[in-house]
Amino acid sequence: MAAAPDKSRKPPRSAKHPADTMDRDELLKAYTSMLLIRRFEEKAGQLYGMGLIAGFCHLYIGQEAVVVGMQHAIDTGDQVITSYRDHGHMLACGMDPKGVMAELTGRSGGYSKGKGGSMHMFSKEKGFFGGHGIVGAQVSLGTGLGFSNWYRETDRVSLTYFGEGASNQGQVYESFNLANLMKLPVVFIIENNRYAMGTSVERASASRDLSLNGVPWGMPSLSVDGMDVQAVKAAGDEAVAHCRSGKGPFLLEMKTYRYRGHSMSDPAKYRTREEVQKMRAEHDSLDAAKAKLLELGLDEAELKKIDDGLKARVQEAAEFAQSSPEPERGELYTDVLVGS
Amino acid sequence: MVDILMPALSPTMTEGKLAKWLKKPGDEIKSGDVIAEIETDKATMEIEAVDEGTMQEILVEEGTEGVAVNTIIGRMGGDEVQAPAPKAEAEAPKTEAVPAKAEEAAAEAPAKPAAKSEAPAAPAPAVEPEYGETKPTTVREALREAMSLEMRADKDVFLMGEEVAQYQGAYKISQGMLDEFGPRRVIDTPITEHGFTGMAVGAAMNGLKPIVEFMTFNFAMQAIDQIINSASKTLYMSGGQMGAQIVFRGPNGAAARVGAQHSQCYASWYAHCPGLKVVAPWSAADAKGLLRAAIRDPNPVIFLENEILYGHSSECPISDDFILPIGKAKVEREGTDVTIIAFSIMVDLALKAAETLESQGISAEVINLRTIRPLDIDTIVESVKKTSRVVSVEEGWPFAGIGSEIIATVVEHCFDWLDAPPVRVAGVDVPMPYAANLEKLALPQPGWVVDAVKKLF
């Protein structure tokens, strides 16, 4: 028995590649943020190789346009929460590379005094709510950030990021249901980088178009070229405006790609070197933004100067991360409970 | 003639109010007709006729309170052809079938229309004069009062959970709160523990102070990742920047005849984890004073209630300033020969055992833990140094239970004072059976405590 189609549940649209949603200054700013993330992550990879960073370390290289484009769509006071692949999000939120890198090396100068590590950093001041190591858990938490905006009747918005792998978790759909039921201001952002660790999206999701995953709840959504920072920003603007106006949540599927392994210890045998090279060569978000900037009249020398400045900044962060002392022994026992 | 019996309408109902008769003598009754309305402590329910016939007589007038389950409340005449009497007999559940506190819930089924049946005499908490004037209050009222007082004082505090708002609470704890605080602060959630718990923790990370009601703690297992990994660890992982001021509350442990998946004590599960506080009230004063403290505490607090205790009444301080410290146990009964340590409904058991022991010449001190984590080691040690013997009592399973922790603590702190090896009384190490007799065998009884104590002499 075929039910009449529910016209209120429109299928999501694919974001058109918007011509230019950023002017020269904004694009330059975005490019700079993306490049900072890339240089930072390259350095983190290096330090990991040197044994200065341990444990899990998930690099964001390749996906920079997603978080930077989205950050350009929000304002101070909005919230950001993500999974364990979080260094890029923190830098995009304006957190200090020194504090992030020092957390990676487990030093007292790190954002969590060395007690959180790569996957667990926070900054209330910058609206960054972590850094969560349990796949999918941040989706319910991010829904709660949206809830707090609803409760306080502000027009703030929660940007809740998760991977396409997490999009198979039950609590993601519990969160979709809650957010749509209560009309909570949450932008759910699937960073579809195609591989959940070693499992490709085709092998993990029966859903062939993840941007349709909000349809049962009538959640509007867009499928976005996540390698194009301007497209991301345009989609982000639409989603954020929707949330701010009190209409409830919005789903964005960002089609992106990570160049490195899932974590530093991943040999990445599940995909070919050619596939990675092709993405880097043909779809790199930084290359695209750079080409556009050159077209807009910036010259190579200016861009090189920016790159040099960022490299120096990252180098400074790396030095701080090595010179900052390890946490005092007494830190073992602090922050277990408030007042402890 | 067919007897109409006072029905049991919930697993823990032992009596109720006959609110209203909808049929009077002489009325025709068809199967499915509503005959009467019954109020339990949780809800107003309608009794529907199963048999057809004519209402003959009313034996318990409407408005009568405290009518025990299985009391004959009226009679109806059936078709002469039917043989209704044996049928009524067959339909009448045995009192044993409703063993909410079967032990003291009147040994025999009331045969006559009892007007006001005697409520089970629960042991009374020791007086705490420092908290001022008191009045008899049920645990249910005390919990509601605690939440309401805190919500009036702090607009960041809100209540969410299944059926807390429009339904007025699955166990009526939040009755009336939707009216007072509105739907933004008393929030019905869908049945989606994992999702709404994560949502509440996220809200707490952004500075709100949620009270999450689990319909029972059994369902919180769906959400335990968010409780442990998100709520309890964020403060540490963030180097103290961000935590979660949040209360997770609801009934814990065995209710009555609800089987294995709905009868489990989670005290030791949560008490195991740093970053959480775990509280388990027994009396109305515990419930009010500790829930207020839990709501104000800047840390995540697991607040383990007990369904059977909800209707129990005891003296509770009336002052709006009354609050109890988390982490402090209470000596409910002083004694010199043995220390019995219990929490939640097991305090009832411990006090009953202490009475029996007294008649046998053994003076037992009873400690009501109130808080499980942080454990009040001082009060325990002080008592054991006095009595030199210790028995722990819990409803949960023995292995790695709270009793194990208590006894390890005693051994570490006052081994030399002990005159006998410590003993644990705990629930039997099996999933909870449904059958009334087996369930009774699985849960600690006062006699178990008495026997355990006697082993020490």
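Values reported hereafter were calculated over all heavy atoms of this structure, with side chains retained and with hydrogens, waters and symmetry mates removed. Below, chains carry the letters A, B, ... as their sequence lines are ordered, and counting in each starts from 1.
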Checking B:Gln226 against chain A: side chain, backbone, both or neither under 4.5 Å from a heavy atom?
side chain

Using heavy-atom distances under 4.5 Å, tell me whether B:Lys155 contacts chain A through its side chain, its backbone, both, or neither.
backbone

Identify each donor-acceptor pair in which a side-chain atom of residues 195-206 of chain B lies under 3.5 Å from a protein atom, sequence neighbours left out, and give them as a table.
from, atom 1, to, atom 2, distance (Å)
B:Thr197, OG1, B:Glu193, O, 2.6
B:Asn206, ND2, A:Ser148, OG, 2.7

Largest heavy-atom contact set with chain B, pairs under 4.5 Å, which of A:Lys113, A:Gln79, A:Lys115
A:Lys115

Near A:Met264 CE, under 6.0 Å, is it more than 12 heavy atoms from other residues, nucleotides or ligands?
yes

Are any of the side-chain heavy atoms of B:Arg184 and A:Glu153 separated by less than 4.5 Å?
yes

For residues 319-332 of chain A against chain B, heavy atoms under 4.5 Å, the residues are A:Glu331, A:Leu332

Looking only at heavy atoms, which of residues 170-189 of chain A get nearer than 4.5 Å to chain B?
A:Gln171, A:Glu174, A:Asn177, A:Leu178, A:Leu181, A:Met182, A:Leu184

Taking B:Asn299 for the side chain and A:Val338 for the main chain, is one N or O donor matched with an acceptor at less than 3.5 Å?
yes

Option that, when pairs with chain B are counted at under 4.5 Å, heavy atom only, ranks first among A:Gly110, A:Gly114, A:Ser123
A:Ser123

When you look at CZ of A:Phe56, are more than 12 heavy atoms from neighbouring residues, nucleotides or ligands closer to it than 6.0 Å?
no

Answer yes or no: does atom CD of B:Glu382 have more than 12 heavy-atom neighbours from other residues, nucleotides or ligands under 6.0 Å?
no

Interface check, chain A: of B:Ser232, B:Ala223, B:Gly240, most non-hydrogen pairs under 4.5 Å belong to B:Gly240

What part of B:Ser230 gets within 4.5 angstrom of chain A, counting heavy atoms only: side chain, backbone, both, or neither?
side chain

Between A:Tyr151, A:Phe147, A:Phe122, which shows the greatest number of heavy-atom pairs under 4.5 Å with chain B?
A:Tyr151

Using non-hydrogen atoms only, which part of B:Leu276 is less than 4.5 Å away from chain A: side chain, backbone, both, or neither?
backbone

Measure the CG-CE distance between A:Asp335 and B:Met242 for me, rounded to the nearest 0.5 Å.
13.0 Å

Those residues of residues 125-134 of chain A that come under 4.5 Å of chain B on a heavy-atom basis, listed by number, are A:Phe128, A:Phe129, A:His132, A:Ile134

In terms of heavy-atom pairs under 4.5 Å, which option from B:Arg185, B:Gln245, B:Lys233 contacts chain A the most?
B:Arg185

